[in-house]
J.: 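Once you've had a glance at the structure underneath, I'll fire off some questions.
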There are 2 protein chains.
Amino acid sequence: MNSLTEENYLKALFNIANIAGEVNVTELSKNLDLKMPTVTSMVKKLAEKKLVHYESYKPLRLTEKGKREAGLIIRKHRLTEMFLVDKMKLGWEDVHDIAEQIEHIKSPVFFEKMDELLGYPKVDPHGSPIPDKNGKVVWKDYNKLSDCNAGETVKLAAVINTSSEFLKFLNAREMHLGLRIKIKAIEPFDKSIVINYGKRHAETLSNVACERLLVEKEG
Amino acid sequence: MNSLTEENYLKALFNIANIAGEVNVTELSKNLDLKMPTVTSMVKKLAEKKLVHYESYKPLRLTEKGKREAGLIIRKHRLTEMFLVDKMKLGWEDVHDIAEQIEHIKSPVFFEKMDELLGYPKVDPHGSPIPDKNGKVVWKDYNKLSDCNAGETVKLAAVINTSSEFLKFLNAREMHLGLRIKIKAIEPFDKSIVINYGKRHAETLSNVACERLLVEKEG
DNA sequence: CGAATTCATTAGTCAAAGCTAATAATAATT
DNA sequence: AATTATTATTAGCTTTGACTAATGAATTCG
């Protein structure tokens, strides 16, 4: 069985890989708020347990086994967040920290019951998929907004990262899941994008932001 | 802030004291499933933190501060058990182990919300009091069944310990909280007691059992 | 009462998971 | 290409919380 510490490493590896693709020791140590040597030594232990592929000075990658275990933790995290908000009426600002703790609880029945009470959800309120009981993550076939073309109309399906800064950014612009967005133009200069949606007209979004927004094409 | 380990020591000290009165190192180490030297050294640390009174070779006692902290943990444990059973419809056989984990979660709002959803209960389903927000335990003025006299009629109000063996014992005899019990006789020989209740007639209970049953006298 | 038994403590070891300081490998810049 | 900067690793130390083996108190029993 994995320790709480190991679970946190796996989760961080999984999340960083999802956002940034590659994971290096620096990123991981920032994410976990630990010093680099600490991370190096732990990663080696995870490698011995066949949870990560590790070669000195190379990027870190989860093994299939590692992905599965990480998926299971993220499943528990996302189910917990939904449960806390939907069933316990706690505020979104509170639930993340609580879910970070509850996700480590060892009890299959507990999470199965949550799943049942929530009606077996497939995605969480950020549009992120909830991994299945085997830790498998099925991302629907979404596109990054940054990969779309001018003239297309798309529906906002998910946000890739859920830092509070980014969520505030979206909030300030009245952007929410399900929103229909019409792409007016893409600036060749910096890949920023000009869109219409709701009552707003000719809003500009940076490429950085667009890379974190997943959309479904209409049609 | 106390570590998870420390919290478990405090809770065990509290529970043993409640059941057995005095706590010695042997009992505590059995309860925590640790070796005695481990317990001795931890208890000394707790003493430095002013959580227990410690003198070599003397029984262990929680300080007021220690009682308060233990009470807060037990509050979280009991609220959690009730929440899991009443609101999540989990079985009693499952909830203890889950509550043992959830009781360590750091989040005032989480437990306040549980309390609210449960309607601010004062006792748990075993009749044990739920400590208040300051960790204070208010046992209602119950009597041990073993301290009652022949001829009295009493109502079963609480069970002091909740080991599964004891609960099964009670179950097998169709005894439950709220039950009216008429005391027919007390054997001077071994202090065992003869009672009538429900459809049962002249059942005998040992003194050991009677010491763990709290009753309210009918007035 | 003295011997045996039980209970508790001391001393020393170990693993997990963190740290700092020093060093080595890789990448970037001039 | 050489230097500098960044990134990663090694070596060695620390704390927490466990353990075993040996020893010292307290209690019980013949």
Side-chain angles (χ1 to χ4, degrees), chain A residues 1-14 16-17 19-63 66 69-70 73 100-101 103-104 106, chain B residues 1-14 16-17 19-63 66 69-70 73 100-101 103-104 106:
Chain A
M1 193 70 321
N2 302 317
S3 69
L4 196 156
T5 309
E6 285 169 343
E7 291 195 353
N8 284 331
Y9 276 80
L10 294 175
K11 194 178 57 142
L13 281 160
F14 187 101
I16 297 169
I19 294 162
E22 286 208 334
V23 189
N24 57 22
V25 177
T26 308
E27 268 312 301
L28 185 52
S29 69
K30 269 184 202 155
N31 200 287
L32 291 167
D33 199 20
L34 297 170
K35 303 296 173 182
M36 291 178 61
T38 304
V39 170
T40 301
S41 79
M42 188 67 191
V43 162
K44 284 181 177 175
K45 284 179 204 158
L46 294 174
E48 273 170 29
K49 289 190 165 193
K50 306 288 182 205
L51 292 163
V52 306
H53 295 293
Y54 174 74
E55 287 174 89
S56 301
Y57 300 101
K58 295 257 176 78
L60 306 169
R61 281 162 39 235
L62 285 171
T63 62
E69 311 239 326
I73 299 157
E100 292 257 287
Q101 301 177 68
E103 72 195 6
H104 301 292
K106 263 60 179 173
Chain B
M1 193 69 318
N2 302 318
S3 70
L4 195 156
T5 308
E6 286 169 341
E7 291 194 352
N8 284 331
Y9 276 79
L10 293 176
K11 193 177 58 142
L13 281 161
F14 187 101
I16 297 169
I19 294 162
E22 285 208 334
V23 189
N24 57 22
V25 177
T26 308
E27 268 313 301
L28 186 53
S29 70
K30 269 184 202 156
N31 199 287
L32 292 167
D33 199 19
L34 297 170
K35 303 295 174 183
M36 290 177 62
T38 305
V39 170
T40 300
S41 80
M42 189 65 191
V43 162
K44 284 181 179 174
K45 284 180 204 157
L46 294 174
E48 273 171 30
K49 289 190 165 193
K50 306 287 180 203
L51 292 163
V52 306
H53 294 294
Y54 174 73
E55 287 175 89
S56 301
Y57 299 102
K58 294 256 174 81
L60 307 169
R61 282 161 41 235
L62 286 171
T63 62
E69 312 239 325
I73 299 158
E100 292 257 285
Q101 300 176 68
E103 72 194 7
H104 300 292
K106 263 59 179 173

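In what follows, chains are A, B, ... by sequence order, proteins preceding strands, each numbered from 1.
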J.: Can you check the Asn2(B) CG to dG17(D) C1' distance for me, whole Å?
T.: 15 Å
J.: Taking only residues two or more places apart in sequence, or in another chain, which ones meet Thr26(A) in a side-chain contact (heavy atoms from CB on, under 4.5 Å)?
T.: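 Checked Thr26(A) against side-chain contact (heavy atoms from CB on, under 4.5 Å); matches are Asn24(A), Lys30(A), Met36(A).
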J.: Starting from the C-alpha separation in whole Å, work towards a yes-or-no answer on side-chain contact (heavy atoms from CB on, under 4.5 Å) for Leu28(B) and Leu34(B).
T.: CA-CA 8 Å; Leu28(B) 186 53; Leu34(B) 297 170; over 6 Å; no
J.: What pair of heavy atoms forms the shortest contact from Gln101(A) to Lys106(B), and how long is it?
T.: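 Looking at all heavy atoms of both residues, the closest pair is OE1-N, 2.8 Å.
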J.: Nucleotide by nucleotide, 5' to 3', does protein get under 4.0 Å of the base (B), only the sugar-phosphate (S), or neither (-) in nucleotides 6-20 of chain C, counting heavy atoms?
T.: -SBBB------SSBB
J.: Run the side-chain contact (heavy atoms from CB on, under 4.5 Å) test on Lys35(A) and Thr38(A) for me, step by step, so that the C-alpha distance in whole Å, both residues' side-chain angles and the decisive distance to 0.1 Å come before the verdict.
T.: CA-CA 6 Å; Lys35(A) 303 296 173 182; Thr38(A) 304; 4.2 Å; yes
J.: Judged by atom type as modelled, is there a donor-acceptor pair below 3.5 Å linking the side chain of Ser29(B) to the main-chain atoms of Val39(B)?
T.: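 No; judged by distance alone, with no hydrogens or angles, the pair does not exist.
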J.: Can you tell which of Lys11(A), Lys45(A), Lys49(A) makes a salt bridge (Lys or Arg N to Asp or Glu O under 4.0 Å) with Glu6(A)?
T.: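 Only one of Lys11(A), Lys45(A), Lys49(A) forms a salt bridge (Lys or Arg N to Asp or Glu O under 4.0 Å) with Glu6(A), namely Lys49(A).
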J.: Which atom pair, heavy atoms only, marks the closest approach of Val43(A) to Val52(A)?
T.: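 Closest approach of Val43(A) to Val52(A): O-CG2, 3.6 Å.
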J.: Determine the minimum heavy-atom distance between Ala12(A) and Leu32(A), stating which atoms define it.
T.: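 So the minimum-distance heavy-atom pair works out to CB-CD2, 3.8 Å.
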J.: Polar-atom pairs under 3.5 Å, protein N or O versus N or O of nucleotides 3-5 of chain D: list them with distances, or write none.
T.:
none

